[in-house]
Amino acid sequence: MAFTGQEHSGAEWVPEAREARPCRWVRVSWEDLARLCRRLAEQCQGDGRPEAVVALARAGYVPGAILASLLRCDLLTLSVPPARSLGMAETERAAAAPLRERLGGRRVLVIDETTRTGEALAWATRVALSAGASAVRTAVLWCPPQGPQPDHWAVATSAHLLQPWISDCL
């Protein structure tokens with residue numbers, strides 16, 4: 001799976017954060033999260049500015065809400081099925097049906113916290129297009145330097161980042 005990409009200004013960057021756990025886990029503060037979301041919002045400005053943000057469940061909810069607020073556009077959520085169901089047409093049709101009214105003819109940004117294989121973003125892109133979106137772009141807060149690249153990302157890093165909404169609950 002390959003995503004179409006743009007030139008990207010994000011260099012290898014790890015948020016100024018405290019190490020949460022050994023083994024390359026880095027705790028991301030709420031301030032870091034805000035900075036990452038602002039970076040994504042800046043990338044999404046211009047002619048292709050999204051009219052709706054689709055946040056993938058579960059880790060995409062918080063960054064999706066922040067991004068939709070920064071971009072002043074609608075927020076929708078989409079639950080990604082188990083990996084074994086991602087390629088099934090009936091799963092895509094069932095997910096697209098309730099989105100048709102809200103996505104038809106609109107530019108959409110699909111966001112998740114990260115991507116490792118690209119399967120969830122690719123599935124959500126197909127669902128948004130099936131729901132009638134006129135264009136779909138993908139975004140993540142952080143992505144590994146190797147593997148599929150979304151259209152937009154705030155930071156490329158091989159570290160495991162511990163989101164503030166999770167670390168605050170530990």
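Bear in mind that the values here come from a model prediction, so they are computed numbers and not experimental data.
With contacts defined as side-chain heavy-atom distances shorter than 4.5 Å, the pair R49/L71 qualifies. A heavy-atom distance below 4.5 Å is found between the side chains of L70 and R38. The side-chain heavy atoms of Q163 and W142, taken from C-beta on, include a pair separated by under 4.5 Å. Considering only heavy atoms from C-beta on, T114 comes within 4.5 Å of P144 through its side chain. In this structure, the side chains of P50 and R137 stay at 4.5 Å or more apart for every pair of heavy atoms. Using a 4.5 Å heavy-atom threshold, the side chains of L162 and V26 count as separate. By the 4.5 Å heavy-atom criterion applied to side chains, V108 and T125 are not counted as neighbours. Here the side chains of V54 and T77 are not in contact, with every heavy-atom distance at 4.5 Å or above.
With rounding to the nearest 0.5 Å, the separation of CD in Q43 from CG in L109 is 10.0 Å. Taking OG of S130 as the start and CG of L99 as the end, the distance is 10.0 Å to the nearest 0.5 Å. Within the model, atoms OH of Y61 and CG of D112 stand 10.5 Å from one another, a figure rounded to the nearest 0.5 Å. Between atom CG of residue L40 and atom CG of residue L67 there is a gap of 6.0 Å, rounded to the nearest 0.5 Å.
Pairs engaging residues 53-68 under the salt bridge (Lys or Arg N to Asp or Glu O under 4.0 Å) rule: none recorded [sequence neighbours left out]. For residues 85-100, the pairs satisfying side-chain hydrogen bond (donor to acceptor under 3.5 Å, both in side chains) are E92-R126, with sequence neighbours left out.
With sequence neighbours left out, the side-chain contact (heavy atoms from CB on, under 4.5 Å) criterion links R102 to D74, L76. When the side-chain contact (heavy atoms from CB on, under 4.5 Å) test is applied to A120, the partners found at least two apart in sequence or on another chain are L56, V80. Here E31 pairs with S29 under the side-chain contact (heavy atoms from CB on, under 4.5 Å) rule; sequence neighbours left out. The side-chain contact (heavy atoms from CB on, under 4.5 Å) check on P63 picks up C37, I111, L141, W165, with sequence neighbours excluded.
Annotation for A96 and A131: closest pair O-CB, 3.7 Å, computed over non-hydrogen atoms. The nearest pair of heavy atoms linking W123 to S79 is CH2-O, 3.6 Å. Here the closest heavy-atom approach between residue G105 and residue S134 is recorded as O-OG, 3.5 Å. Taking all atoms of both residues into account, the shortest heavy-atom contact from V53 to G64 is CG1-O, 3.9 Å. For the residue pair R116 and P148, the shortest heavy atom distance occurs at O-CD, 3.6 Å. Nearest heavy atom pair, residue C143 against residue T115, reads CB-CG2, 4.2 Å.
E51 contributes a side-chain N or O that, together with a main-chain N or O of R107, makes up a donor-acceptor pair within less than 3.5 Å. For the pair T138 (side chain) and D151 (backbone), a donor-acceptor distance under 3.5 Å is present.
Note on M88: it does not cluster hydrophobically with V127, by side-chain heavy-atom contacts below 4.5 Å among ILVMFWY residues.
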